[in-house]
Amino acid sequence: GIRYKPQDQLYFSFGTTRLIKHPCKKNIALYLGRQIFLTRDNFESSLLPCSIPTSMQVGIPEVTSAHFAGSVLLLVVNRKVYVYDYEANSWNASTGIEHPVSHISGDNCCYSENSFCMDISNSVFAYLHGAQISQTNIYFSNTRGYRFQKFAHERQAELVGSLGGVFYFHSLSQVGLLLIDQRKAMFSYSDHPLNRSFGLPFDYNGTLDILIAPGQKGILIFWFEKSLLVSRNAGQLVDPVRVREGQHILYPSIFDANITIHSIAANENELAVLTRESNLYYGSLGILSSSLIKFADQDIWSEEAVLVFTDVGLLEILTPLPDSTFPAFDFQKCPMNIQEILMDPQLHIDVCKVKLLQGEFANKMYTIDMNSKLELTALMIPRPGTSPVPLVMVSNPHSLGLQAVIYEDGYTYDGNTKHRLNISLRQQHHWGRADPNFTSSIKRSTISTITLDIANKEISCVDLKPLGGTHDFLVPHGSGSFSPIFVAHSEISACYNGILDPVALQDNYSYVIEREAYDPNFRGQEASEDLKVHYQYEKLGCPLLAYYDTPWKPVVELWREGTFQEVVEAEYVLLEVNGLFTYTYSLTADTALCNSQPQNWTSIAEMAGDQGLFAWDRETYVSCHDPDNEAPLTWPKVPYQILGGPTDNKVIFDQRNGIYIFFISIVDPYYSYCHLEATFSVYVYGAFPLSIIPAELTIVLLTVATLLSVWLAYMIPKQLHTEQGLRLKDFWVHLYRRCRKFCACFQGRC
């Protein structure tokens, strides 16, 4: 018969139910209660409670936290993290966590499948909630929770209080630690400029559950049975959610309204609350303030019920119902159309002031590179007689600055005025309007989300979603958006000059590097044997041509999607990929006017460790001309290995002909946020073979020959005036005459 693996049925540890909806895959959700259910069809099918194989040896199958990380589900079970791949139906225990943890946190990017989005989805924190923050261990994973490593917060040892959470605020490009001390809480941030202070403190009553709203806008929702707070800037300011009726504020907080929260649901713009008093509250996560209104009394609450938004303005109350015959559960759905409910005149809701708000940047991702600019446009059509106030915001003003202009742009067919918004975005540094203590480091790649919404928008504007897009200062390595191309003009290529045959290069061409010319460990030491290299013509093309006795450097051209951009004048470095060390540089540290000891490939390799030898890039480069670089100039005569930039440094080849394959990396941190790297080849010619006679012996022989010639030039004329000299002279004269007579006789017979 069929064998089933033993399973431990999972359950949620907290008294209230939760529902975690996958922010990118709308049909996938996790229900947390006395049973745990995972659906992949939005609870349309009957579901068995989730179980974990007993082979995982979890002990007590109690779940304290859960998170969707891309295509996997992470669960904290009995203070350990487990990864469930629901597509492959496989379980794995996370590695690298050495101490108990209770919670995990992360986010998901839904804009595209490039590495930028994948980095967001892959980033996960694991921690022990309530532990003393100065002593606790925090773990971070960039592999969707499969492998963790310890996370070191710069100021963690100085922080006072217990840990309320660890979050990667991608909208702010910061890691935030929530500190709890004496019923007050505040965030501590990881990077400049926010690491110099804390977020404003707020009341912390009970154990607040923290929900990160989708969309990377920095919206956080803090809630407990008697508390509901919202932050729109990643915890820097946290405000209570108010309860109102019409335009009047009834209660300044949930606590004052004497409401007991059972379940909440949120999307990018909406918030709904189900209370134990069987009431439903609804609100908008507006850009200025958040408030809730109470819908008409209904008997909708039950212990197992949860709220979920299925779409904008569409809300459901889900309740699991056990089957009397089978162990599976069905889910009862109570759907609600928010727009229809808001039309009830008893709610005293004003009509939406805006008929249309649209822009081409909604739900898109853009890239702004160093020194570049992004122009966006949007269209707003208000209702006649109203004055809506459009407001443009960026989630990370420390990195991204904006300028917006609004003007009238004609009329619609029915006579409504059209308003056009032009939005300019560029790095905050380049606007020149912000204090350096406000801006983040220009060298650091960051992320920001821009949002266009109506400041005085009514709660009835359900279908009027804010326009938003994510903008980042980072092109992930290997994305192909930018690539440096080294163009070998036809008149200086080795093939054009007939030195190499392109047909032969394409026909599985190979060459040999003599062992005394290369080091496989890149330390400049001779190898033990010769190296045979297969030339990759498809990747490298025909080599550039360089004369060995002329200082040389490549012309670097930046291309984007097949279009030439510019000649790169920024600083870059070269490394022969096969370990050839038969070249040096025209400048040394002192002739390059370095203020401190310059980096080189050896120091980079020692610093990189497991990252590999080719780790010299814009993030690891430190200029020796930087006044803040305090490394002493200990060895001023070492070769200066950086090309381009403020110096005229060049490569000098040894007396050796052959092919060099160079890896190039642009290291100037102020040129581009991209990792600009490439590989190209050069053929060095014109070097005569080295003499087999040592140079020292040649010099000695030439010196002796010169001295002997001078001595003979002096002694021979002097000796000719002596008796021996005269006899020697007569001997040569007599020999000459006999030779002439002999030659004449020989010619006569011929």
Novice: Would you call the rings of Trp559 and Phe564 parallel, tilted or perpendicular if under 30° counts as parallel and over 60° as perpendicular?
Specialist: perpendicular

Novice: Is Ser173 reaching over with its side chain to a backbone N or O of Ile447, donor-acceptor style, under 3.5 angstrom?
Specialist: yes

Novice: Going by side-chain hydrogen bond (donor to acceptor under 3.5 Å, both in side chains), Ser596 matches just one of Asn629, Asp626, Asp628. Which one?
Specialist: Asn629

Novice: Quick one: list whatever passes side-chain contact (heavy atoms from CB on, under 4.5 Å) with His398, sequence neighbours left out.
Specialist: Leu172, Pro193, Leu194, Gln236, Asn396, Phe438, Ser440

Novice: In terms of ring plane angle, is the pair Tyr583 and Phe662 parallel, tilted or perpendicular, where the classes change at 30° and 60°?
Specialist: perpendicular

Novice: Under the rule for ring pair (Phe, Tyr, Trp, His ring centres under 6.0 Å), what residues qualify as partners of Tyr518, not counting sequence neighbours?
Specialist: none

Novice: Looking just at side-chain N and O atoms, do Ser672 and Asp369 make a donor-acceptor pair shorter than 3.5 Å?
Specialist: yes

Novice: In terms of ring plane angle, is the pair Phe169 and Phe187 parallel, tilted or perpendicular, where the classes change at 30° and 60°?
Specialist: perpendicular

Novice: Distance-only, no hydrogens or angles: does the Arg515 side chain make a donor-acceptor pair with backbone N or O of Glu529 under 3.5 Å?
Specialist: no

Novice: For a quick check under 3.5 Å, do Thr582 and Tyr660 share a side-chain donor-acceptor pair by atom type?
Specialist: yes

Novice: Please answer whether the main-chain N or O of Ala615 pairs with a side-chain N or O of Thr620 as donor and acceptor at a distance below 3.5 Å.
Specialist: yes

Novice: Would you call the rings of Phe125 and Tyr168 parallel, tilted or perpendicular, where under 30° means parallel and over 60° means perpendicular?
Specialist: tilted

Novice: Can you say whether the rings of Tyr127 and Phe167 are parallel (under 30°), tilted (30 to 60°) or perpendicular (over 60°)?
Specialist: perpendicular

Novice: Please confirm whether the backbone N or O of Gly401 pairs with a side-chain atom of Trp431, one donor and one acceptor, at under 3.5 Å?
Specialist: yes

Novice: Between the side chain of Gln597 and the main-chain N/O of Thr634, is any donor-acceptor distance below 3.5 Å?
Specialist: yes

Novice: Evaluate the ring planes of Phe522 and Phe614, with Trp represented by its six-membered ring, and classify them as parallel (under 30°), tilted (30 to 60°) or perpendicular (over 60°).
Specialist: perpendicular

Novice: Would Ser681 and Tyr535 satisfy side chain to side chain donor-acceptor pair (under 3.5 Å), going step by step from the backbone distance to the final call?
Specialist: CA-CA 10 Å; Ser681 62; Tyr535 189 79; 2.7 Å; yes

Novice: Looking at Asn108, is its backbone amide N or carbonyl O close enough to the side chain of Ser121 to form a donor-acceptor pair, meaning the two atoms are under 3.5 Å apart?
Specialist: no

